[in-house]
Number of protein chains: 2
Amino acid sequence: MHRLEDLSNNKRSYPSGGYLYRTGDRFKSLHAIRSGSFKTRVLHEDGREQVTGFLMAGEIIGLDAISTDLHTCEAVAMEESEVCELPFNKLEELSRDIPSLQRHLHKIMSREIVRDQGIMLLLGSMRAEERLAAFLLNLSSRNAAHGMSATQFKLRMSRLEIGSYLGLKLETVSRTFSHFQEEGLIQVKARAVELLDLQRLRTLVGKS
Amino acid sequence: MHRLEDLSNNKRSYPSGGYLYRTGDRFKSLHAIRSGSFKTRVLHEDGREQVTGFLMAGEIIGLDAISTDLHTCEAVAMEESEVCELPFNKLEELSRDIPSLQRHLHKIMSREIVRDQGIMLLLGSMRAEERLAAFLLNLSSRNAAHGMSATQFKLRMSRLEIGSYLGLKLETVSRTFSHFQEEGLIQVKARAVELLDLQRLRTLVGKS
DNA sequence: TAGATGACTTGATATATGTCAAAATAGACA
DNA sequence: TGTCTATTTTGACATATATCAAGTCATCTA
């Protein structure tokens with residue numbers, strides 16, 4: 001067993017804005033993203049909402065949706081997004097027989113929790129510049145992990161969505177981008193970003 | 001199978017500040033809290049840290065510790081804290097035979113993720129008053145869930161710890177407490193708190 | 001290509017929260 | 001009980017980010 005998505009025989013496509021699942025849906029599957037990208041959101045009764053994550057090709061969606069009805073996941077990329085469905089009951093059955101799968105699921109689950117804790121640290125104790133630098137570096141290393149450029153990429157999400165994720169207003173996100181550019185840390189034009197000085201971006205994140 | 005802790009034959013005690021697990025420990029057990037309370041923290045390489053949760057008697061600790069080495073859990077109460085250990089491999093074995101346990105574990109896991117998402121919403125989009133009101137209401141309902149008063153209780157944690165959890169400085173926490181008292185929402189003296197107007201506290205959280 | 005629509009940038013100003021400092025209070029211990 | 005220390009409160013001031021408001025720039029459609 002090398003890749004979870006080998007288990008799937010059900011592939012589906014979603015247009016931008018298409019819902020993979022939405023508030024109230026019963027959780028029943030994991031999804032491996034083959035192309036495009038997705039965002040997850042939590043909703044509050046009073047209408048307040050927040051983006052809680054962005055997911056890209058090569059990553060697994062779904063565990064953070066377990067049993068919550070205040071949570072949605074939808075495609076954000078400009079191109080079509082494709083996923084493989086991994087039905088949960090099938091995974092459960094298999095995981096009884098295949099110990100390595102059990103561990104694999106654990107690892108995925110853990111990763112989500114660790115990721116959430118990182119975001120909590122970010123939201124709770126970083127300033128705007130640190131948050132955005134951390135965000136860019138995170139995208140960078142995930143790009144690299146999937147065989148894409150670590151320094152040049154196109155953002156899949158709007159300033160508003162980035163702001164929601166980082167706990168900032170879109171104007172602050174935009175200003176901080178501009179500021180980074182003035183400092184020679186990045187080159188940014190609309191959604192096209194190039195990281196010019198990874199080292200200085202890293203030191204930016206690691207200070208209080 | 002009604003309560004997870006019936007599985008345990010291993011009970012342990014911790015003094016205030018005692019570590020249940022600490023950075024780098026290998027995750028191997030869940031723990032059911034019998035008395036006292038605990039806090040979990042994430043640590044950052046640069047020394048920055050944040051309280052990510054408070055856990056009280058009757059609750060289960062441990063899942064958010066899976067495979068992360070930047071995470072600690074320690075006792076915070078004044079009195080001794082006692083836990084039942086639930087070894088993970090034992091749980092895994094049992095969960096193969098007992099489907100209801102599998103579901104039970106799922107539910108616990110989900111709850112942690114949902115909780116984290118709630119905190120992300122709080123940290124990302126609420127102001128100081130809303131955060132503290134949400135915090136107090138959360139303590140209140142958890143107290144009630146364990147058969148204690150929903151309106152009168154003693155805080156187990158310092159202003160500094162509350163601030164770390166809510167992404168605020170301790171002075172802001174203190175000022176907000178005082179402000180709530182002036183408004184007649186609560187009665188507070190050091191760590192003794194009485195919620196005087198639950199309804200208004202709730203409306204405070206649900207606006208912006 | 002022109003016009004329309006939504007996304008992004010930039011500026012001026014307001015405001016919430018942080019920072020620094022001191023005093024008051026509570027809890028621990030001899 | 002009194003002393004010591006840590007916690008909490010309160011004040012004055014600084015600052016980061018939000019808010020409000022234009023204006024520019026992209027992208028899409030006709």
Side-chain angles (χ1 to χ4, degrees), chain A residues 15-17 39 48 50-51 76-79 122-136 154-183 185-193 204-205 207-208, chain B residues 15-17 39 48 50-51 76-80 122-136 154-183 185-194 204-205 207-208:
Chain A
S16 182
K39 70 174 176 188
R48 188 158 31 198
Q50 176 161 17
V51 173
V76 289
M78 6 234 68
E79 72 273 38
L122 179 147
L123 292 172
S125 65
M126 293 187 185
R127 290 174 311 103
E129 288 194 358
E130 304 177 75
R131 294 186 198 193
L132 191 61
F135 176 68
L136 290 172
K154 209 159 177 189
L155 298 171
R156 260 39 199 238
M157 63 299 280
S158 70
R159 304 289 189 264
L160 184 69
E161 288 168 326
I162 297 173
S164 173
Y165 180 63
L166 298 178
L168 302 169
K169 294 297 163 183
L170 62 350
E171 294 95 329
T172 305
V173 173
S174 179
R175 269 185 250 276
T176 309
F177 268 125
S178 301
H179 184 215
F180 281 177
Q181 180 156 248
E182 286 159 22
E183 298 278 307
L185 289 166
I186 67 172
Q187 180 72 36
V188 58
K189 186 172 190 193
R191 301 208 179 175
V193 179
L204 237 182
V205 176
K207 76 167 187 219
S208 163
Chain B
S16 183
K39 69 174 175 188
R48 188 159 28 199
Q50 176 161 19
V51 173
V76 290
M78 5 235 67
E79 72 273 39
E80 288 270 296
L122 180 147
L123 292 172
S125 65
M126 292 188 186
R127 291 174 311 102
E129 289 195 358
E130 303 177 75
R131 294 186 197 193
L132 191 62
F135 176 69
L136 290 172
K154 214 164 170 181
L155 297 171
R156 261 39 198 235
M157 63 299 280
S158 70
R159 303 290 189 263
L160 183 70
E161 289 168 324
I162 296 173
S164 173
Y165 180 64
L166 297 179
L168 301 169
K169 295 296 163 184
L170 65 327
E171 294 96 330
T172 305
V173 173
S174 179
R175 267 186 250 275
T176 309
F177 268 124
S178 301
H179 184 215
F180 280 178
Q181 180 157 248
E182 287 160 22
E183 298 279 308
L185 289 166
I186 67 172
Q187 179 73 35
V188 58
K189 187 173 188 192
R191 302 207 179 174
V193 180
E194 180 175 6
L204 236 181
V205 177
K207 78 161 188 222
S208 166

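Side chains are part of it too, since the values below use all heavy atoms of this structure and drop only hydrogens, waters and symmetry mates. Reminder, nothing fancy here: chain letters follow the sequence lines and each chain counts from 1.
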Next on the checklist: Counting the atoms with a prime plus P, OP1 and OP2 as sugar-phosphate, which does B:G167 contact under 4.0 Å by heavy atoms, base, sugar-phosphate, or nothing?
Outcome noted: sugar-phosphate

Item to check | Check: A:K169 main-chain N/O paired with A:R159 side-chain donor or acceptor under 3.5 Å | outcome: no

Please produce a list of atom pairs where a protein N or O lies less than 3.5 Å from an N or O of nucleotides 6-10 of chain C.
residue, atom, partner, partner atom, Å
C:dC8, OP1, A:R191, NE, 2.9
C:dC8, OP1, A:R191, NH2, 3.4
C:dC8, OP2, A:R159, N, 3.0
C:dT9, OP1, A:R159, NH2, 3.3
C:dT9, OP2, A:R159, NE, 2.8
C:dT9, OP2, A:R159, NH2, 3.4
C:dT9, OP2, A:S174, OG, 2.7
C:dT9, O5', A:S174, OG, 3.1
C:dT10, OP2, A:S178, OG, 2.5

Checklist entry - What residue among A:L132, A:L170, A:L136 forms side-chain contact (heavy atoms from CB on, under 4.5 Å) with A:I162? => result A:L132

Next on the checklist: Quick check against the 3.5 Å criterion: does A:Q181 have a side-chain atom that pairs as donor or acceptor with the backbone of A:Q187?
Outcome noted: no

Checklist entry - For the pair made of NZ in B:K169 and P in C:dA21, what is the distance, rounded to whole Å? => result 16 Å

Checklist entry - In whole angstroms, how far is the C1' atom of C:dA16 from the CG atom of B:L123? => result 16 Å

Item to check | Separation of atom NZ in A:K154 from atom C1' in D:dA26, rounded to whole Å | outcome: 10 Å

Item to check | Nearest-angstrom distance from the residue atom CD of A:E130 to C1' of D:dT15 | outcome: 15 Å

Item to check | Distance (rounded to the nearest 0.5 Å) between A:E183 CD and A:H179 NE2 | outcome: 4.0 Å

Checklist entry - Can any side-chain N or O of A:R131 pair as donor or acceptor with the backbone N or O of A:L166 at less than 3.5 Å? => result yes

Checklist entry - side chain to side chain contact (heavy atoms under 4.5 Å, CB included) between B:L185 and B:L204: does it pass, once the steps are laid out? => result CA-CA 10 Å; B:L185 289 166; B:L204 236 181; 3.9 Å; yes

Next on the checklist: Test your reading of the model: is there a side-chain donor-acceptor pair from B:T176 to the backbone of B:A128, 3.5 Å cut-off?
Outcome noted: no

Checklist entry - What integer distance in Å separates B:R127:CZ from D:dT17:P? => result 17 Å

Checklist entry - Does a side-chain N-to-carboxylate-O contact under 4.0 Å join B:E130 and A:R48? => result yes

Checklist outcome for this item: When the rotation axes relating C1' atoms of four end pairs to the next four are compared across the helix from C:dT1-D:dA30 to C:dA30-D:dT1, five pairs an end, they differ to 10° by 50°

Next on the checklist: Whole angstroms only, please: what is the CG-P distance between B:L122 and C:dT17?
Outcome noted: 12 Å

